[in-house]
Amino acid sequence: MTNVIYAIVVLGVLGGVFGLVLAVASKIFEVKKDPREEAILSHLAGANCGGCGYPGCAGLAAAILAGDAPVTACAPAGAENAAAIASIMGMEAPTGEREVAFVRCNGGTSAKKRYEYVGVKECTAATKVAGGPLECEYGCMGFGSCVNACQFGAITINDRGVAEVNPDKCTDCMACAAACPRNLIVSVPVSKKVHVACANQDKGKAAMSVCANSCIGCGLCTKECKFDAIHVVNGVAVIDYDKCKNCKLCTKVCPRDAILPVATAEEKEKYKAIKKAQAEKAAAAAKAAAAEAPKAE
């Protein structure tokens with residue numbers, strides 16, 4: 001019995017000594033943490049979505065503190081929290097318009113299929129089967145990899161089978177873009193309402209053969225734009241949002257409904273009538289001027 005008591009006492013003493021050693025060591029080797037890191041972390045979204053490219057919000061907070069990431073790196077946190085983080089870092093509050101994700105495709109039921117895919121309903125998996133079920137190698141397959149990646153419920157598959165972003169819910173974390181194997185999702189200014197919903201870079205006839213809504217690079221939108229805001233680049237129309245005024249004239253002349261919001265048939269006919277009237281008026285004015293010229297001589 002005495003031996004048992006001695007053993008317990010020895011173990012208790014050893015435990016106390018080791019505990020004391022560990023306590024002293026923890027103080028000696030303690031890594032001092034900058035209190036600003038916790039303050040920065042409190043202004044991040046807390047979703048750990050990975051959209052910033054860092055391993056969770058704690059990783060981003062450390063990166064911001066180290067100067068490796070901008071104070072605006074957490075898009076879901078919004079402008080107000082970015083300004084608060086800037087204040088913590090002793091910087092000026094960032095400026096700039098909020099951006100949201102946009103899916104560059106309006107194909108869906110208008111896109112032709114090569115075969116009926118019956119595998120795992122996941123976009124990357126679908127591309128492994130002969131490049132995917134669509135004839136258009138640039139088209140949205142609608143299996144929802146982007147939907148699963150979004151932690152904010154901002155993206156859904158619409159009734160036409162194409163991924164669509166709700167700008168009111170979107171935080172521009174771009175987790176959806178990272179999940180899209182066809183790189184169809186881009187960031188656009190939230191105030192801009194006109195977007196080219198096509199990424200097909202094939203030549204006109206080839207693009208036309210795979211989707212009824214594909215851009216064919218005809219350039220009618222470029223000719224119609226009064227602000228030099230849209231040009232055909234690599235076979236597909238691209239909008240310069242710094243110049244775009246949301247006038248929507250390009251949507252009314254696009255023969256393929258590749259520019260959103262898609263103009264109705266009535267809107268297109270009305271615009272054609274206006275253009276015809278303008279052309280006739282200009283021709284009449286030119287004819288009258290030509291008739292007056294000999295008299296002036």
Side-chain angles (χ1 to χ4, degrees), residues 26-27 29-105 122-124 127 140 144-156 163-193 195-196 199 233-234 238-244:
S26 68
K27 289 295 182 182
F29 299 106
E30 179 185 8
V31 177
K32 298 293 183 182
K33 195 169 185 178
D34 192 323
R36 292 180 298 171
E37 187 171 330
E38 284 297 324
I40 292 170
L41 185 59
S42 70
H43 287 286
L44 299 179
N48 292 311
C49 62
C52 60
Y54 290 89
C57 294
L60 175 58
I64 292 174
L65 187 62
D68 296 329
V71 297
T72 55
C74 181
E80 188 174 322
N81 281 307
I85 294 172
S87 178
I88 292 168
M89 293 294 292
M91 301 164 57
E92 289 187 10
T95 58
E97 183 180 356
R98 183 171 79 89
E99 295 200 340
V100 294
F102 173 74
V103 182
R104 297 182 298 158
C105 184
E122 199 275 333
C123 299
T124 301
T127 61
C140 173
S145 293
C146 53
V147 176
N148 296 330
C150 180
Q151 298 194 30
F152 305 96
I155 189 164
T156 56
E164 186 174 328
V165 177
N166 181 339
D168 294 329
K169 292 182 179 180
C170 182
T171 62
D172 199 40
C173 72
M174 299 309 283
C176 56
C180 178
R182 292 192 162 175
N183 301 314
L184 293 175
I185 307 177
V186 295
S187 215
V188 299
V190 71
S191 67
K192 301 303 180 180
K193 307 303 179 185
H195 307 291
V196 177
V233 180
N234 294 327
V238 176
I239 295 175
D240 182 342
Y241 289 108
D242 290 333
K243 296 179 179 180
C244 180

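In this structure, Ser187 contributes its side chain and Glu99 its backbone to no donor-acceptor pair below 3.5 Å. Not a single donor-acceptor pair under 3.5 Å links the side chain of Arg182 to the backbone N or O of Thr127.
Counting only residues at least two apart or on different chains, the ring-ring contact (aromatic ring centres under 6.0 Å, His included) pairs with a member in residues 61-103 are Phe102-His195. Pairs passing the side-chain hydrogen bond (donor to acceptor under 3.5 Å, both in side chains) check and including a residue from residues 45-65, sequence neighbours excluded, do not occur.
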Q | Full working for side chain to side chain contact (heavy atoms under 4.5 Å, CB included) between Asn81 and Cys74 | A | CA-CA 9 Å; Asn81 281 307; Cys74 181; over 6 Å; no
Q: List the steps and the verdict of side chain to side chain contact (heavy atoms under 4.5 Å, CB included) for Arg98 and Asp172.
A: CA-CA 8 Å; Arg98 183 171 79 89; Asp172 199 40; 6.0 Å; no
Q: Take Arg104 and Val196 through the side chain to side chain contact (heavy atoms under 4.5 Å, CB included) test and state the conclusion after the steps.
A: CA-CA 7 Å; Arg104 297 182 298 158; Val196 177; over 6 Å; no
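Considering CG of Leu65 and CG of Leu41, their distance stands at 11.5 Å, rounded to 0.5 Å. Atoms NZ and SG, from Lys192 and Cys244 in turn, are 5.5 Å apart once rounded to the nearest 0.5 Å. With rounding to the nearest 0.5 Å, the separation of OH in Tyr241 from OG in Ser191 is 10.0 Å. Put simply, SG on Cys123 and CG on Leu184 are 9.0 Å apart, with the number rounded to the nearest 0.5 Å. Atom-to-atom distance recorded for Thr171:OG1 and Gln151:CD is 9.0 Å, nearest 0.5 angstrom. With rounding to the nearest 0.5 angstrom, the CD1 atom of Ile155 is 7.0 Å from the SG atom of Cys150.
What you find for Ala73 and Cys52 is that their closest heavy atoms are O-CB, 3.6 Å. Closest approach of Gly153 and Lys169 over heavy atoms only: O-CD, 3.3 Å. Heavy-atom minimum distance, Pro167 versus Val100: O-CG1, 3.8 Å. Between Leu44 and Cys57, the closest heavy-atom pair is CD1-O, 3.2 Å. Contact detail for Pro70 and Ile64: the closest heavy-atom pair is O-CG1, 3.7 Å. Nearest heavy atom pair, residue Cys170 against residue Ala101, reads SG-N, 3.3 Å.
In the model, Thr156 has no side-chain atom that pairs as donor or acceptor with a side-chain atom of Glu164 under 3.5 Å.
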